[in-house]
*Asks:* 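I'd like to ask some things about the structure below.
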Protein chains: 2
Amino acid sequence: MRSFKHPKRDDIELTRVLYALSDPARLDVVRQLAAEGACTCAALDGGRPKSSMSHHFRVLREAGVIFTEHEGPTHVNELRRDDLDNLFPGLLASVLGERIKKR
Amino acid sequence: MRSFKHPKRDDIELTRVLYALSDPARLDVVRQLAAEGACTCAALDGGRPKSSMSHHFRVLREAGVIFTEHEGPTHVNELRRDDLDNLFPGLLASVLGERIKKR
DNA sequence: AGCTCAGTTCGATATTTCTCGAACTTCCGA
DNA sequence: TCGGAAGTTCGAGAAATATCGAACTGAGCT
């Protein structure tokens, strides 16, 4: 798997994103990425087996939630924040529990 | 099933809500409820078999997304907008605000 | 009571997803 | 070039979900 397949921004589907976010393990990953920026897979495993996490990363990746790239011996994951904010404004913020600007 | 079981507001879980919203048929229901207010089940079936829809209503109900009550011979569903907005501010708005099918 | 309508429950099947060990690939340092 | 570290893929079993027809229930009408 030389490089991963990521959906283009306009191919990201809301239902798929919601599905990807509906698993506690995956939501943890997303929260941690939001809090800490790019992370390797190992930094995000929460003590779960690598093969399980690899599956979850794939779901997140193919839904368009995260972007994974090879960086030397590790894989670095980032949240596709710009794309998601652009497509579904407010979604990530609400899921991450960030306080929405009050007026 | 004299009356339905609905989770109390504080028992509503984000992952479950996201899961409930991650199915196109269920998302359609939620969108229509948001647009039109309370609706009977029959008004929301989108041409799908009743038993399938009943399943989807149950998923939405048990996740805390909709509230269903008996009203004479029909069942009336409403979005639990206040509860959801309170628990996850902005979530519903972002999910409902998706640009539909640009072509 | 009998009928109909609205919806639910049951049951069976098909599909998907989750989980995790084991084997594999790639990259890099010694 | 050998070995370890980081992840992925494969495979298999378990569990959850989707779908939909058929049977059922409850309410209201005549």
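Labels below follow one simple rule: chain letters A, B, ... track the order of the sequence lines, proteins then strands, and each chain is numbered from 1.
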*Asks:* Quick one: on DNA chain C, does A/A25 or A/E71 contact a more 5' nucleotide (nearest heavy atom)?
*Replies:*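 Residue closer to the 5' terminus by nearest nucleotide: A/A25.
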*Asks:* For B/H70 and D/dG26, what is the distance between atoms NE2 and P respectively, to the nearest whole Å?
*Replies:*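 Going from NE2 in B/H70 over to P in D/dG26 covers 10 Å.
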*Asks:* When the distance from CG of B/D23 to C1' of D/dA18 is rounded to whole Å, what number comes out?
*Replies:*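 Spelled out: CG on B/D23 to C1' on D/dA18 is 8 Å.
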*Asks:* For A/L60 and D/dG7, what is the distance between atoms CG and P respectively, to the nearest whole Å?
*Replies:*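 Spelled out: CG on A/L60 to P on D/dG7 is 15 Å.
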*Asks:* Does the side chain of B/Y19 get closer than 4.0 angstrom to OP1 or OP2 of D/dA18 through an N or O atom?
*Replies:*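 Answer is yes, contact under 4.0 Å.
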*Asks:* Quick check for you: among D/dT9, C/dT8, D/dG28, whose closest atom lies nearest to any side-chain atom of A/S54?
*Replies:*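 Looking only at heavy atoms from C-beta outward on A/S54, the closest nucleotide is D/dT9.
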*Asks:* Below 30° counts as parallel, above 60° as perpendicular, anything between as tilted: where do the rings of B/F4 and B/H70 land?
*Replies:*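 Because their plane-to-plane angle is under 30°, the rings of B/F4 and B/H70 count as parallel.
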*Asks:* Is there a side-chain polar atom (N or O) of A/T40 under 4.0 Å from OP1 or OP2 of D/dG7?
*Replies:*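 The answer is yes; a side-chain N or O of A/T40 sits under 4.0 Å from OP1 or OP2.
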*Asks:* Verify the contact: side-chain N or O of A/R61 to OP1 or OP2 of D/dG7, cut-off strictly under 4.0 Å; return yes or no.
*Replies:*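 No.
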*Asks:* Of the candidate nucleotides C/dG7, D/dT8, C/dC20, which contains the atom at the shortest distance from the side chain of A/C41?
*Replies:*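 Looking only at side-chain atoms, A/C41 lies closest to D/dT8.
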*Asks:* Would you mind telling me which of B/L44, B/L79, B/N77 makes a side chain to side chain contact (heavy atoms under 4.5 Å, CB included) with B/Q32?
*Replies:*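 So, applying the side chain to side chain contact (heavy atoms under 4.5 Å, CB included) to B/Q32 and each of B/L44, B/L79, B/N77, only B/L44 qualifies.
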*Asks:* Does CZ in B/R58 sit with more than 12 non-hydrogen atoms of other residues, nucleotides or ligands closer than 6.0 Å?
*Replies:*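 Atom CZ in B/R58 is not crowded, with 12 or fewer foreign heavy atoms closer than 6.0 Å.
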*Asks:* May I have the distance from B/M53 (atom CE) to C/dA6 (atom P), rounded to whole angstrom?
*Replies:*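 Between P of C/dA6 and CE of B/M53: 15 Å.
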*Asks:* So B/H55, base contact, sugar-phosphate only, or nothing? Heavy-atom distance under 4.0 Å.
*Replies:*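 Result for B/H55 = base.
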*Asks:* Map A/K50 and B/T68 onto DNA chain C by nearest heavy atom, then report which one ends up closer to the 5' terminus.
*Replies:*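 It is B/T68, whose closest nucleotide lies nearer the 5' terminus.
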*Asks:* Compare side-chain N and O positions of B/H56 against OP1 and OP2 of D/dA18 and report whether any pair is under 4.0 Å apart.
*Replies:*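 For D/dA18, neither OP1 nor OP2 has a side-chain N or O of B/H56 closer than 4.0 Å.
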*Asks:* Would you classify B/T74 as touching base, sugar-phosphate or nothing, given that sugar-phosphate means primed atoms plus P, OP1 and OP2, and contacts are heavy atoms under 4.0 Å?
*Replies:*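 Answer is sugar-phosphate: B/T74 comes under 4.0 Å of backbone atoms only.
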*Asks:* In terms of ring plane angle, is the pair A/F67 and A/H6 parallel, tilted or perpendicular, where the classes change at 30° and 60°?
*Replies:*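 Plane angle under 30°, so parallel.
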*Asks:* Scan A/V95, A/L91, A/L60, A/L87 and name whichever one has a side chain to side chain contact (heavy atoms under 4.5 Å, CB included) with A/V17.
*Replies:*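 Output: one option passes, namely A/L91.
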*Asks:* Mind calculating the distance between CZ (A/R48) and C1' (C/dG21) to the nearest angstrom?
*Replies:*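 In whole Å, C/dG21 C1' lies 17 Å from A/R48 CZ.
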*Asks:* Which whole-number value in Å describes the distance from A/D45 CG to D/dG7 P?
*Replies:*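 Checked: the CG to P distance equals 9 Å.
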*Asks:* B/S51 has a side chain; which of C/dT9, C/dC20, C/dT8 sits nearest to it?
*Replies:*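 Among the listed nucleotides, the one closest to the side chain of B/S51 is C/dT9.
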*Asks:* Does A/S52 place a side-chain N or O at less than 4.0 Å from the phosphate oxygens OP1/OP2 of C/dC20?
*Replies:*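 Yes, within the criterion.
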*Asks:* Find the distance B/E69:CD to C/dG7:C1' and express it as a whole number of Å.
*Replies:*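 So the CD-C1' distance, B/E69 to C/dG7, works out to 15 Å.
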*Asks:* I'd like to check the ring pair (Phe, Tyr, Trp, His ring centres under 6.0 Å) partners of B/H55; sequence neighbours left out, ordered by chain and number.
*Replies:*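 None.
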*Asks:* Mind calculating the distance between CZ (B/R58) and C1' (C/dC10) to the nearest angstrom?
*Replies:*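 After rounding, the reported distance stands at 11 Å.
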*Asks:* Any side-chain N or O of A/R26 under 4.0 Å from OP1/OP2 of C/dC18?
*Replies:*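 For C/dC18, OP1 or OP2 has a side-chain N or O of A/R26 closer than 4.0 Å.
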